[in-house]
Structures are given as structure tokens and as C-alpha cells.
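Have a look at the structure below before the remarks.
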Number of protein chains: 2
Amino acid sequence: MVTMKQIAERTGVSVSTVSLVLNHRDEGRVKADIARKVRTTAQELGYQPNALARSLRTNKIPIIGFVSEEVATTPYAGGIIQGAQDAARELGYLLITVSGDDAATVEQEVLALKRYGIDAFIYSAMSNRVVTIPQCLADYPLVLADATDRDNRFPAIEPDEFRIGYDATTRLIEAGCANIAYVGCTTPGPIIAQRGRLEGYRAALDDHGREFNEALVCNVDGNEEALRAVEHLFAEQHPDGFFCFNDSRAWYVYECAARQGLIVGKDISVVGVDNHRVIAETFAPQLTTIALPHYEMGYWAADKLISIVEHRDIAPTPNPLMLAPIPPLDGEEPVKMHCVLIEKESVRPQ
Amino acid sequence: MVTMKQIAERTGVSVSTVSLVLNHRDEGRVKADIARKVRTTAQELGYQPNALARSLRTNKIPIIGFVSEEVATTPYAGGIIQGAQDAARELGYLLITVSGDDAATVEQEVLALKRYGIDAFIYSAMSNRVVTIPQCLADYPLVLADATDRDNRFPAIEPDEFRIGYDATTRLIEAGCANIAYVGCTTPGPIIAQRGRLEGYRAALDDHGREFNEALVCNVDGNEEALRAVEHLFAEQHPDGFFCFNDSRAWYVYECAARQGLIVGKDISVVGVDNHRVIAETFAPQLTTIALPHYEMGYWAADKLISIVEHRDIAPTPNPLMLAPIPPLDGEEPVKMHCVLIEKESVRPQ
DNA sequence: TTGAAAGCGCTAACAC
DNA sequence: GTGTTAGCGCTTTCAA
């Protein structure tokens with residue numbers, strides 16, 4: 001390993017000079033040609049700074065922790081993490097991801113991070129849910145991504161569930177559907193998503209002078225029972241438009257449609273939220289999909305967090321997705337949905 | 001922050017004693033009651049070792065790097081990462097994941113890791129492919145997970161593609177299917193998986209005295225065209241059993257079956273590889289799925305890597321999955337498939 | 001404009 | 001058994 005000492009010896013200067021130069025603090029403090037000489041020998045020797053030594057000395061480490069309780073079980077985690085990692089890299093940080101099945105494991109991992117001096121975290125639930133922030137994170141700079149704090153104390157980047165429901169439904173109305181069903185979910189996990197999207201659905205109907213019909217809301221869980229429920233929906237209500245909570249629910253609609261000889265995109269219209277990516281791979285372009293802005297949530301969460309730890313004042317988190325129009329029903333591109341930043345008082349470490 | 005120095009002062013001993021005790025190197029070197037006193041004051045003060053200082057001094061850091069070029073786009077990455085992280089934690093390591101869209105970004109991230117003294121890596125492709133190991137990793141301890149090295153130099157943990165094909169097909173034969181189709185893929189990416197599974201399919205047919213019929217192999221890519229190809233397969237060959245490369249392909253079979261009024265699990269049998277987890281959520285228990293052992297691949301890759309860096313001789317990677325029986329066609333549990341360890345000469349850093 | 005020196009928190013060789 | 005001491009590679013006064 002090449003050290004500053006070696007560079008100093010080879011150049012015939014002291015380590016402090018080398019440190020100054022290589023940290024770009026030489027302006028008006030080191031003669032220009034000495035600085036140049038230092039830089040070239042550093043280059044020649046292939047010097048790489050020892051980040052451990054620097055962090056030990058400065059007592060700060062440019063790494064942020066990404067904490068989640070369920071990376072393993074969710075297929076859409078990658079986008080959030082990638083976004084956070086990209087933002088981190090652009091700002092000179094590394095991202096280290098930890099997760100565990102239970103709170104205890106998570107805490108153990110967080111503790112390990114803290115031992116390295118990592119003291120800023122992103123907490124993510126991997127599907128917009130109300131979460132309880134682990135105690136071990138509560139006293140540090142923290143930003144939530146795709147999660148809602150039960151106690152409402154931290155900045156959070158979440159999908160705009162209401163607009164998802166509103167825009168999906170509006171799209172179906174514009175496609176000429178007369179009888180629009182919502183195939184939602186019953187499980188308590190995604191309650192925020194479920195409630196917000198359903199509200200959006202109702203609001204869109206309302207704004208277009210349509211009457212809300214309870215019988216067109218079909219909340220299902222999975223498997224046989226779900227399939228039967230959707231079959232029942234087809235039989236009783238004959239919907240010609242479907243807003244589906246996610247891929248699985250879209251599948252039930254497809255299955256029932258196929259059994260009845262109905263063609264999606266012709267006889268009926270379907271708009272679905274694409275969690276698993278299998279929709280885009282398989283159904284498109286028959287299906288208008290709403291891709292959740294996972295990447296963007298991760299990106300802006302990391303950006304926000306780093307702005308906090310650096311005491312940098314930034315403009316409010318941009319929402320570039322706000323501008324993306326919903327493409328026509330036969331478009332091939334998934335729709336990127338709006339993502340909303342909820343600003344809370346940010347918490348500082350003691 | 002509580003330091004050893006503070007503990008030493010409070011206990012009335014020297015830092016070296018404290019270090020000895022807290023690192024469990026006090027056996028026969030420090031009097032038992034002194035050791036106890038040190039431990040209790042450490043407890044009282046809530047001492048947490050400074051990992052940076054330790055790593056700087058010892059010149060080793062218990063963190064392994066997990067490198068991949070495409071975390072963002074794959075829904076099944078989580079399992080591999082979670083497995084690797086669990087193994088790492090159990091062995092006292094942290095896992096840090098980096099990825100990027102292109103080789104340059106990956107290299108930049110790897111360089112950042114190296115600056116922290118991280119010098120052991122897992123490289124993963126997130127779907128068993130032939131990969132070229134980035135130059136920046138080639139001289140370090142390295143284990144591949146769900147990837148095959150083009151130059152065959154590193155230990156690798158991969159799914160046993162042949163057995164996937166063989167067992168899936170055998171299961172369909174045992175289910176009484178007379179005419180078994182393979183719905184595979186055309187894209188060059190998963191070429192290893194495609195080839196291995198197809199070979200397994202052929203071998204199983206062969207071993208059961210069935211004749212291989214080219215017309216029953218339907219390699220498709222996606223969307224309309226794929227759907228038409230599968231429809232054609234139904235019309236021309238009337239298969240009663242289907243082995244599907246992945247979720248998307250299984251969906252085409254379901255769609256066509258539904259259009260023809262055929263019930264899966266009654267009129268036809270389907271075995272599919274579950275990449276996206278949406279199958280298990282949605283289709284089960286109608287569909288026998290083969291869950292790729294992502295978690296296990298990650299787990300054993302990390303175990304292997306750590307055994308290399310610690311010069312620990314371990315027994316050959318266990319293959320607990322080998323024992324899992326394929327459940328009956330109506331079983332609800334996905335089948336965990338065998339995962340194979342390919343032993344190569346492991347590479348050591350200079 | 002440069003260098004000497006202290007020290008971040010820890011480990012480990014060596015005295016006593 | 002226990003303490004003293006010398007660093008790991010870097011940043012940062014402070015003196016020259």
C-alpha cells in the first residue's frame with residue numbers, strides 16, 4: 001500500500017505538505033511547482049488514500065446505512081437501493097445495506113454499522129406501510145423511503161398513493177370504460193397504499209360525475225378464493241375497466257377474461273400497478289402499467305439524508321415524475337408515478 | 001464515545017489490560033477478578049469498540065464486498081444478498097453491496113471499497129450467466145454466486161440447471177402427462193439456464209423411454225408474439241404437461257389454457273421456475289413451482305469466501321437442497337432446487 | 001511556505 | 001500478570 005509518507009520521501013517534502021496538496025488545500029499555502037511534483041509522484045506510485053485512517057482521524061465516515069426489515073422477500077427492493085446508491089455515489093458516499101428478519105437482527109446489524117462510525121440512515125419498508133422506527137435509529141439523522149412513520153417524526157419519501165388511484169381510474173374513464181372496477185387487497189400490510197389508491201379511485205369517479213359503486217370494489221388476498229371473487233365480479237357487474245392493485249391482482253382479471261373469451265385492450269381495459277416487473281415483461285403492451293418510482297424514492301431519500309448530515313440546505317426534493325404524462329392505453333412505456341416528499345422536522349444526533 | 005482509555009482509568013489498569021480482556025485474550029494473562037472488573041466497567045460505560053481504529057491497526061476489516069452489475073433490474077437479487085448477509089453476520093462480517101449500470105461505475109465503487117481495506121468479494125450476475133470478471137476483482141479472493149466465469153478461474157455457486165429441467169420434467173411424467181412441452185426462452189442472457197434446463201428436459205424424457213419431439217419445444221421472448229407461439233403449440237401439439245422457464249412463460253400457458261377452457265391441475269399440468277415470486281403468490285397451489293435457491297447461493301458463496309480469507313479449511317459446500325423432495329403436484333410449498341458448487345483454484349491476493 | 005509533532009483508538013511486542 | 005511503548009496512516013495545529 002502506498003502511503004503519504006512514501007510520497008513525501010520520494011518528493012523530498014513532508015507528509016503535511018502531501019496531505020495539504022492531495023486534499024486540495026494547497027491553494028496559496030504550497031508553491032505551485034511543489035504541489036505539481038507531489039501530485040505526479042502520487043500518480044506514479046498509484047496512491048490511494050487510506051479511508052480508515054482518514055475516518056479515524058476526522059471522526060466522520062462518508063457512508064450511509066440503508067436499513068430494512070425485509071429485503072429478501074421483496075422483488076422491488078432493488079430499485080430503491082440502486083437509487084440510493086447512485087445518489088450516494090454522486091455525493092461521494094458509500095451505501096451499506098443491512099436487513100434482518102426481525103427487529104433484533106436489524107438492531108445487531110445497525111450496531112455493527114455504528115461501530116464504524118456510521119451515523120446516518122435510510123429506513124425503508126419496501127412497500128409503503130406504517131412502520132415503527134427501531135429505537136436504535138431514532139436519535140440519528142434518518143430519512144424514510146417508501147414507508148410512513150407511525151409517529152410522524154422523520155422526513156419521508158413515499159409514493160403518492162392517491163394519485164396512483166386517481167390517475168389510473170381517470171385513464172380508464174378516458175379510455176371509454178363505463179363500469180370501472182377496483183381489484184384491491186385485504187392484507188393489512190399495504191394499508192396505506194390500499195387506502196390511498198381506493199380514495200384516488202373514488203375521487204376520480206366523483207370528478208367525472210360517476211357514481212361510486214361498492215360492488216365494483218373487489219378486495220382479494222390470493223389463490224383460489226381470489227380467483228373466485230374476481231369471477232364473481234365479472235359475472236355480477238360486467239365491468240369493462242379494471243384498476244388493479246398489483247401484478248397478482250391483474251393476473252386474476254386476465255385469467256377470468258380469458259375464460260370468458262374477453263380480450264384485454266379490446267373488450268376490457270386494465271390498468272395495473274407493476275410491482276414485480278413481470279407485468280411489463282409479459283403483458284405489455286396490452287396493459288397500461290403504473291411503475292412505482294422505487295429508484296427515485298431511493299435516490300431522493302439519500303439526497304435528503306446527505307443534505308441533512310452536511311447541513312446543506314437544498315431545495316425541496318424535486319418531483320420530476322410529476323411531469324410524466326400517462327401514455328395512451330396501447331403505449332409500451334410503464335407510467336412513472338408521482339412521488340411525494342413529506343417534510344417533517346429532521347432529527348439531529350446529540 | 002467510550003474508549004478503552006476511559007475504562008482503564010476508571011478501573012485503575014492500563015489500556016493493554018483492557019484490550020486483552022475485552023478481546024478475550026486474558027486467559028492466564030490477567031487475574032480473573034481484574035478481568036471481571038474491567039468487563040463490568042465496560043458494561044457500565046456502555047463501551048463499543050471503535051472498528052475503524054481496530055481495522056487501521058490490524059490492517060484487516062471484517063467486511064466483504066458484494067459486487068453486481070444489475071441489482072436494480074432484477075427482482076430476485078434480494079434472496080442472494082440476504083443469504084450472503086446472513087452468512088456474513090454469522091461469521092462476524094458485514095456485507096457491503098455495490099453495483100452499477102456499467103463496468104466503469106462498478107469499478108469506481110469497488111475502488112471505494114478497497115480504500116477501506118475491503119479485499120474479498122462476491123460477484124453475482126443475478127441470473128446464471130457467463131460473465132467476465134472485472135479486472136479490478138481478479139487479484140482478490142473472489143467467489144461467484146449465480147454466475148459462471150468465462151475463464152473458469154474462481155469458485156462458484158450456481159443453480160443446477162440440468163437438474164431443474166430433469167426434475168421438473170420427471171415430475172410431469174409422474175403426474176401422468178403424455179405430451180410434455182418445454183416453454184423456454186430465446187434471449188441470449190440466460191443461455192446457461194436455457195441450455196441446462198433443456199438438456200435436463202431431454203434427459204428425463206430419455207430416461208423414461210419417451211421420445212424427444214422438437215415441436216414440443218417452444219422458445220419465446222415476450223408479448224404478443226410469445227402468446228401466439230404458445231397458442232400455436234396448444235393447437236398443433238395438444239400438450240398436457242408444460243415445463244416453463246419462468247413466470248412470464250407460465251403466464252402464456254395459463255392464458256392459452258383459459259382461452260381453451262382447460263383447467264390447470266386438472267386438464268393440464270404445469271411446472272414453472274419461479275423467478276419473480278408472483279407465481280407462488282398468485283398461482284399456487286395450482287402450479288408446482290421450482291424456486292431457485294437464491295438465498296442458499298448467497299449464503300454459501302459468503303461462507304466459501306470467508307473460509308478462503310481466513311485460510312479456514314471447510315468441508316465442501318453442503319448442499320442441503322439436494323435432499324428436498326419434489327412435493328406432489330398439489331403441494332403448496334415451492335420446490336427448492338439443488339445448488340451445485342463448482343470448485344476451482346481459489347485466487348489469493350499478492 | 002513548509003515541517004515537526006501530536007494524536008484519533010486500538011493492538012502487540014517487549015519490559016518489568 | 002501487568003504496564004510501557006511504539007506505531008497503523010492520516011489530519012491539523014503550531015512553530016519556524
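Letters A, B, ... are given to chains in the order of the sequence lines, protein chains preceding strands, and every chain is numbered from 1. Just so it is clear, the structure is predicted and the values come from calculations on it, not from any experiment. When reading the values below, keep in mind they use all heavy atoms of this one structure, side chains included, and skip hydrogens, waters and symmetry mates.
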Calculate the interatomic distance between A:Met4 atom CE and D:dC8 atom P; express it in whole Å. 15 Å
Checking C:dG9, D:dT11, C:dT2 against the side chain of B:Ala53 (C-beta onward), the nearest is C:dG9
Suppose we call a contact any N or O donor and acceptor under 3.5 Å apart; does that hold for the side chain of B:Arg57 and the base of D:dG7? yes
For A:Thr3, answer base if it contacts any base atom (sugar-phosphate contacts may also be present), sugar-phosphate if it contacts only those atoms, and nothing otherwise; contact means non-hydrogen atoms under 4.0 Å. sugar-phosphate
Return yes if some donor-acceptor pair links the side-chain N/O of B:Arg115 with the main-chain N/O of A:Gln48 below 3.5 Å, else return no. no
Regarding B:Asp26, tell me which of base, sugar-phosphate or nothing describes its non-hydrogen contacts under 4.0 Å with the strands shown. nothing
Rounded to the nearest Å, what distance is computed from the CG atom of residue B:Leu20 to the C1' atom of nucleotide C:dC10? 13 Å
Between the base of D:dT4 and the side chain of B:Ser16, is there a donor and acceptor pair under 3.5 angstrom? yes
The answer to which of B:Ala32 and A:Gln48 contacts DNA chain D further toward the 5' end, by nearest nucleotide, is B:Ala32
Just the rounded figure in Å: distance from P of D:dC8 to CD1 of B:Ile61. 18 Å
For the pair made of CD1 in B:Ile34 and C1' in D:dG1, what is the distance, rounded to whole Å? 8 Å
Roughly, in whole Å, what's the span from CG in B:Leu22 to P in C:dG9? 15 Å
Give a yes/no on whether any side-chain N or O of B:Ser19 is located under 4.0 angstrom from OP1 or OP2 of C:dT11. yes
What does B:Asn59 touch in the nucleic acid at a heavy-atom separation under 4.0 angstrom: a base, only the sugar-phosphate, or nothing? nothing
Sugar-phosphate, base or nothing in reach of A:Leu52, heavy atoms under 4.0 Å: nothing
Quick check: does any side chain N or O of A:Gln85 sit under 3.5 Å from a backbone N or O of B:Ser99, one acting as donor and the other as acceptor? yes
Just by distance, do the side chain of A:Thr11 and the backbone of A:Val38 share a donor-acceptor pair under 3.5 Å? no
Contact under 4.0 Å: A:Thr17 side-chain N or O vs C:dG3 OP1/OP2: yes
Separation of atom CZ in B:Arg25 from atom P in C:dA13, rounded to whole Å: 9 Å
Which nucleotide sits closest to the side chain of B:Met1: C:dT1, D:dT12, C:dG9? C:dG9
From C-beta outward on A:Ser14, which listed nucleotide comes closest to its side chain: C:dT11, C:dG3, D:dT12? C:dG3
Taken to the nearest whole Å, CZ/B:Arg54 to C1'/C:dC10 is 8 Å
Tell me whether B:Arg89 is salt-bridged to B:Asp86, with the criterion being a basic N under 4.0 Å from an acidic carboxylate O. yes
Could you give the NZ-to-P distance, from B:Lys5 to C:dC8, as a whole number of Å? 6 Å
Please check the phosphate of D:dC8 (OP1 and OP2 only) for any side-chain N or O of A:Asn50 closer than 4.0 Å. no
Less than 3.5 Å apart, any donor N or O on the side chain of B:Thr132 or B:Arg150 sitting next to an acceptor on the other? yes
A:Tyr47 has a side chain; which of D:dC10, C:dT1, D:dT11 sits nearest to it? D:dC10
Could B:Arg36 and B:Asp26 be called an ion pair, given the rule that one side-chain N must be under 4.0 Å from one carboxylate O? no
